[in-house]
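Note sheet for the following structure.
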Amino acid sequence: MTPHHTYRTLTGTSRLAGVMGWPVSHSKSPRLHGYWLAKYGIDGCYMPLPVEPKNFQAALISLRDLGFSGVNVTIPQKEMAMPQCDELSDRARRIGAVNTVTFAKDGRLLGDNTDGFGFIENLRQVAPEIAFASGPAVVLGAGGACRAVLVALLDEGSPEIRLANRTRKRAEDLAAEMNDPRIKVVDWPLSPDALDGASLVVNTTSLGMVGQPALEIDLAGLPQTALVTDIVYAPLMTDLLAQARERGNPIVDGLGMLLHQARPGFHRWFGIDPEVTQELRDFVLSPY
Ligand code: ATR
């Protein structure tokens, strides 16, 4: 008979967390956190929590009252979570959305946004020599993901951010809201001089994702040393990244951002800052 200790089950003192969303079936977070829980042998559980938007507020409070340590919040509830929180981190307030809620011992809801952290940590892990302050960044898009990238780049000391979006007004509104002269709105599609001297190019649009049109961009004029990254991770090798690699630029795919953004929540709820490894990437990408 197999000794009982080879089985891990929940106990009466398991720590509980999960991801709220509608739908939530596409979320990789349960496998990601589940992998770390198993790897570190933690008495905890991280579950998918499909919650209709109309039930969001009640569900969030109920999870707190059920003794959860915290939850991640995914689309479309990232903005809905903000007003429910008793306290917001500076970055969550500036990004304008919450993806990580921690239930404090006194019952207060602490909201954070770790997407920008995930973006930066992913680049740092894959390209440790990266110096965000060393040159202009070109950022494509103006949606929710873009906000996190902008806040993170500003905080890392980026000297100039050239922001381009199909709907120029959205980029202008975003630049006005961020109120930082380093953000300069440029034309979409990019003119060749928008790439001149850039040290980083980031796609935050949905272009290039499975089922979406490709991002059509002419990288001529981009220094060969510039790092090119995409927040799209399905497929891992987007047309943008393939084109950049072809001309010799270093590239970083978008999966790591998803993995790294999960670290602060896991750390708070389960007590360990977990590692992002190749084995984890393979595990998250593999079918169940
Ligand atoms: P998210 O919150 O995931 O960033 P979003 O707010 O829907 O999503 O933003 C999607 C981004 O992809 C936007 O910058 C959008 O450009 P618009 O603001 O002009 O809509 C961009 N995008 C989506 N489809 C596009 C397309 N076919 N061509 C150009 N940009 C596109």
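Every number for a ligand or one of its atoms is a count from 1 in the order of the listing.
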Return the option from Leu215, Thr204, Thr167 holding the heavy atom at the smallest distance from atom 17 (P) of ligand 1.
Thr167
If the cut-off is 4.0 Å to any non-hydrogen atom of Ala142, which atoms of ligand 1 fall inside it?
14 (O)
Within the 4.5 Å heavy-atom criterion, are Leu140 and Leu190 side-chain neighbours or not?
yes
Donor-acceptor contact present, side-chain Glu156 to main-chain Ile120, <3.5 Å:
no
With nothing but distance in play, are any N or O atoms of Ala145 less than 3.5 Å from an N or O of ligand 1?
yes
Nearest heavy atom to atom 10 (C) of ligand 1, choosing from Pro213, Ser206, Ala148, Ala97, belongs to Ser206
Do the ring planes of Tyr40 and Phe266 sit parallel (below 30°), tilted (30 to 60°) or perpendicular (above 60°)?
tilted
What part of Arg166, side chain, backbone, both or neither, has a heavy atom within less than 4.0 angstrom of ligand 1?
both
Who's closest to atom 1 (P) of ligand 1 heavy-atom-wise, of Ala214, Cys146, Gly144?
Gly144
Determine whether any protein heavy atom is located less than 4.0 Å from atom 7 (O) of ligand 1.
no
Tell me which protein heavy atom sits closest to atom 5 (P) of ligand 1, plus the residue, atom name and distance to 0.1 Å.
Gly143 CA, 4.1 Å
Pairwise side-chain contact, Gln57 with Met80, heavy-atom cut-off 4.5 Å (strictly under)
no
Counting only heavy atoms closer than 4.0 Å, does ligand 1 sit against the backbone of Leu207, its side chain, both, or neither?
side chain
Ligand 1 atoms in contact with Gly141 (distance to a heavy atom under 4.0 Å)
14 (O)
Can you find a side-chain donor-acceptor pair between Asp193 and Ser191 that sits under 3.5 Å?
yes
Would you kindly check if the NZ (Lys) or CZ (Arg) of Arg263 is within the cone defined by 45 degrees around the ring axis of Phe117 and under 6.0 Å from the six-membered ring centre?
no
Quiz question for you: does at least one protein heavy atom lie closer than 4.0 Å to atom 3 (O) of ligand 1?
no
Considering only heavy atoms from C-beta outward, does the side chain of Lys39 approach that of Phe283 to under 4.5 Å?
no
Paired with Asp230, the side chain to side chain donor-acceptor pair (under 3.5 Å) test is passed by just one of Asn203, Thr204, Thr205, namely Asn203
Do Thr114 and Asn99 get their side chains close enough for a donor-acceptor pair, meaning under 3.5 Å?
yes
Closest non-hydrogen protein atom to atom 13 (C) of ligand 1, residue and atom name please, with distance?
Arg170 NH1, 3.6 Å
Numbered in order shown, the ligand 1 atoms found under 4.0 Å of a heavy atom of Thr205 are 11 (C), 12 (O), 21 (C)
Which residue holds the protein heavy atom closest to atom 16 (O) of ligand 1, what is that atom called, and what is the gap in Å?
Asn165 OD1, 3.3 Å
